[in-house]
Trainee: 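I'd like to ask you about the structure that follows.
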There are 2 protein chains.
Amino acid sequence: MIHTRSQPPSQSQVSVTEPSLRVCVALLRWNGEDLEAAAVHGDHLPATIPTADEALDQTAVRIIRESTGVDAHYLEQLYTFSPSQGGPRQIVISYLALFSPDTAMSPGPGNLTWSLAETTPLEDDLEQLVLEYALVRLRAKLGYTNIAFYLLPATFTLSQLQQTYESILNQAMDKRNFRRRMIASGILVDTGEKRREGSHRPAALYRFREHDDQASYLTPPLLAT
Amino acid sequence: MIHTRSQPPSQSQVSVTEPSLRVCVALLRWNGEDLEAAAVHGDHLPATIPTADEALDQTAVRIIRESTGVDAHYLEQLYTFSPSQGGPRQIVISYLALFSPDTAMSPGPGNLTWSLAETTPLEDDLEQLVLEYALVRLRAKLGYTNIAFYLLPATFTLSQLQQTYESILNQAMDKRNFRRRMIASGILVDTGEKRREGSHRPAALYRFREHDDQASYLTPPLLAT
DNA sequence: TCAAAAGTGTTCCTTCTACACCCATGT
DNA sequence: ACATGGGTGTAGAAGGAACACTTTTGA
């Protein structure tokens, strides 16, 4: 819906402030019997949940909820791997979860939020690969979906929205072009409210218009909703 | 690389001839012990291959080769499902395979090529879902990758290329715009040869310039190549 | 000479990009 | 009054879409 072509770094503004996005990558490991869940980056989750009779994606939803104490605002299956180095074959299904900053995630067994700027290689090659792939997907989807929605609170300013884009793409964008594109896309609704939070002009608060596009983009609809 | 925006049906040419694309959707079913392969549409494959110590994607490559007698020109993992209706949990990893029409696929246990125009619902809901999803992905990737390459012979005419696009998208395109876009994209190389095959002007034969983009688009690089 | 597919340019319009200043507020 | 982030317009470039006729060949 929203088209975001790559824009070369702008001169007029260079400040890419990181708004600490709540992104989480989770792996479901299946050994043929049990499903084990692990959140990538931050600490590994001890959460090990036995197989239940539910769809895979639902298991991911549930495991992430149990791990973070909160429901993911958006969940997308990424890819399925089978890292079988000598040992018995294992199947690992990877997921990307996005959270609204509204939600109070329980500290739990380590904070799941993952700094996009993070570059320290993980011990596990697979986790590193999934993490990088998640970022590729997230960046790509910024261009043709409203996925950024799921990383923002219910109402937000255009600057917040732009910062979200910039921190995911790690690239500064032109303010006027960005705002024009977003408004033109028609997915934003001006709530009429203003946010005043500093010694400067208050910002208009927007919300997203509906969000019925989750299922339709490059990912099959989740089964058995 | 190649941008193909949707174009409304053109008046000047309405003939969308189906060039019988060699597309195959395969499922790997894992019950925890064995992997069972099935090609979707056409007859189900009897091919049942026990677990080997190899990466999942490699298993898919091999199974498709064993089923068709030929290597897929392109293989992409689609999505992973877990259809567990009462029975024991099963994990089904779906793949999309593309073949060059050059290759002589063994008739084997039923022709795997799948008519894109086909609309008869399959008995199996999951297979139907995967089939539709494969088409969504294929269509989407036409717009930003050279994926059509994998459905064409080594050299081809611009008309062949256009027919491939048209039959996948099920939509006629303007000849001049199509050719201009393709040429401008820089991925085509004029071989200098001509193909004469009828009582009409011979067509220039092209080939694709390199094809090093397979791994870079929305799919992680296949592990352990 | 006819049929059949190959090949070729231009115009219009939409969208992207680059770019700089005033506005509203709190201190 | 000043510092801070909010908010705005325009002109040039590039790319997409619509559109029809000539060319080359085999029969």
Side-chain angles (χ1 to χ4, degrees), chain A residues 1-19 142-144 155-167 169 171-186 188 190-206, chain B residues 1-19 142-144 155-166 169 171-188 190-206:
Chain A
M1 196 62 68
I2 301 173
H3 295 270
T4 304
R5 298 291 173 78
S6 61
Q7 282 174 310
S10 150
Q11 293 81 336
S12 46
Q13 46 173 20
V14 204
S15 62
V16 178
T17 56
E18 175 100 357
L142 269 192
Y144 56 93
T155 73
F156 49 86
T157 68
L158 283 177
S159 292
Q160 279 182 289
L161 182 60
Q162 181 171 351
Q163 282 164 9
T164 299
Y165 272 72
E166 288 178 338
S167 60
L169 298 172
Q171 181 176 282
M173 297 184 179
D174 181 83
K175 184 162 59 165
R176 280 168 294 189
N177 293 338
F178 181 83
R179 292 160 103 91
R180 188 184 312 112
R181 223 179 13 242
M182 289 297 155
I183 299 295
S185 78
L188 296 183
D190 190 336
T191 63
E193 298 168 86
K194 304 270 180 198
R195 168 179 300 162
R196 59 186 65 239
E197 59 170 358
S199 57
H200 54 79
R201 182 171 173 174
L205 281 172
Y206 293 83
Chain B
M1 196 59 67
I2 301 172
H3 294 272
T4 304
R5 298 291 175 81
S6 60
Q7 285 174 310
S10 153
Q11 293 82 336
S12 45
Q13 46 173 14
V14 202
S15 62
V16 179
T17 55
E18 174 101 356
L142 270 191
Y144 56 91
T155 73
F156 51 86
T157 69
L158 282 178
S159 292
Q160 278 182 289
L161 181 60
Q162 182 172 349
Q163 281 164 10
T164 299
Y165 272 73
E166 287 178 338
L169 297 172
Q171 180 175 284
M173 298 184 178
D174 180 83
K175 183 161 62 164
R176 281 168 292 189
N177 292 338
F178 182 83
R179 293 161 102 89
R180 187 184 315 111
R181 230 183 3 245
M182 288 297 155
I183 300 294
S185 78
I187 56 162
L188 296 183
D190 189 336
T191 64
E193 297 169 87
K194 303 271 180 199
R195 168 179 299 162
R196 59 187 65 240
E197 60 170 0
S199 56
H200 55 79
R201 180 170 174 173
L205 282 172
Y206 293 83

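In the text below, chain A, chain B and the rest are named by the order of the sequence lines, each starting its count at 1. Just the heavy atoms: all of them, side chains too, but no hydrogens, waters or symmetry mates, feed the values below.
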Trainee: What is the separation between atom CE on Met173(A) and atom P on dC19(C), rounded to the nearest whole Å?
Mentor: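 That distance rounds to 17 Å.
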Trainee: Roughly, in whole Å, what's the span from CG in Asp174(A) to P in dC21(C)?
Mentor: 15 Å
Trainee: Could you check Ala204(B) against Ser199(B) and say which one's nearest nucleotide on DNA chain C is further toward the 5' end?
Mentor: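 Closer to the 5' end of DNA chain C: Ser199(B).
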Trainee: Between dT24(D) atom P and Arg201(B) atom CZ, what is the distance in whole Å?
Mentor: 5 Å
Trainee: So which one's nearest nucleotide on DNA chain D is more toward 5', Arg196(B) or Lys194(A)?
Mentor: Lys194(A)
Trainee: What nucleic acid atoms does Ala184(B) come within less than 4.0 Å of, heavy atoms only: base, sugar-phosphate, or nothing?
Mentor: nothing
Trainee: To the nearest Å, give me how far apart CZ (Arg195(A)) and C1' (dG7(D)) are.
Mentor: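 Nearest whole value for this atom pair: 16 Å.
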Trainee: Roughly how many Å is it from CD in Gln162(A) to C1' in dG7(D), rounded to a whole number?
Mentor: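 It works out to 12 Å between those atoms.
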Trainee: So, for Leu205(A) and Asp190(A), which heavy atoms are closest and what is the spacing to 0.1 Å?
Mentor: O-OD1, 3.5 Å
Trainee: dC19(D) phosphate, OP1 or OP2: any side-chain N/O from Arg176(B) under 4.0 angstrom?
Mentor: no
Trainee: The side chain of Lys175(B) lies closest to which of these nucleotides: dA24(C), dT8(D), dA6(C)?
Mentor: dA6(C)
Trainee: Can you name the nearest heavy-atom pair linking Gln160(A) to Thr155(A), along with the distance?
Mentor: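 Where Gln160(A) meets Thr155(A) most closely, the heavy atoms are OE1-O, 4.3 Å.
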Trainee: For Leu161(A) and dG5(D), what is the distance between atoms CG and P respectively, to the nearest whole Å?
Mentor: 18 Å
Trainee: Minimum heavy-atom separation for Ser159(A) to Arg179(A), with atom names?
Mentor: OG-NH1, 3.9 Å
Trainee: Please report the distance, rounded to the nearest Å, between CG in Asn177(A) and C1' in dA11(D).
Mentor: 12 Å
Trainee: With a 4.5 Å limit on heavy-atom distance, are the side chains of Ile187(B) and Tyr206(B) in contact?
Mentor: no
Trainee: For Arg181(B) and dA17(D), is the shortest distance between a side-chain N/O and OP1 or OP2 below 4.0 Å?
Mentor: yes
Trainee: Is the phosphate of dG6(D) approached by Ser159(A) (side-chain N or O, under 4.0 Å from OP1 or OP2)?
Mentor: yes
Trainee: Mapping Glu197(A) and Arg180(A) to their closest nucleotides on DNA chain D, which lands nearer the 5' end?
Mentor: Glu197(A)
Trainee: Nearest whole angstrom, please: distance from the C1' of dT15(C) to the CZ of Phe178(A).
Mentor: 17 Å
Trainee: For residues Arg176(B) and Asp174(B), report the shortest heavy-atom separation together with the two atoms involved.
Mentor: N-OD2, 3.1 Å
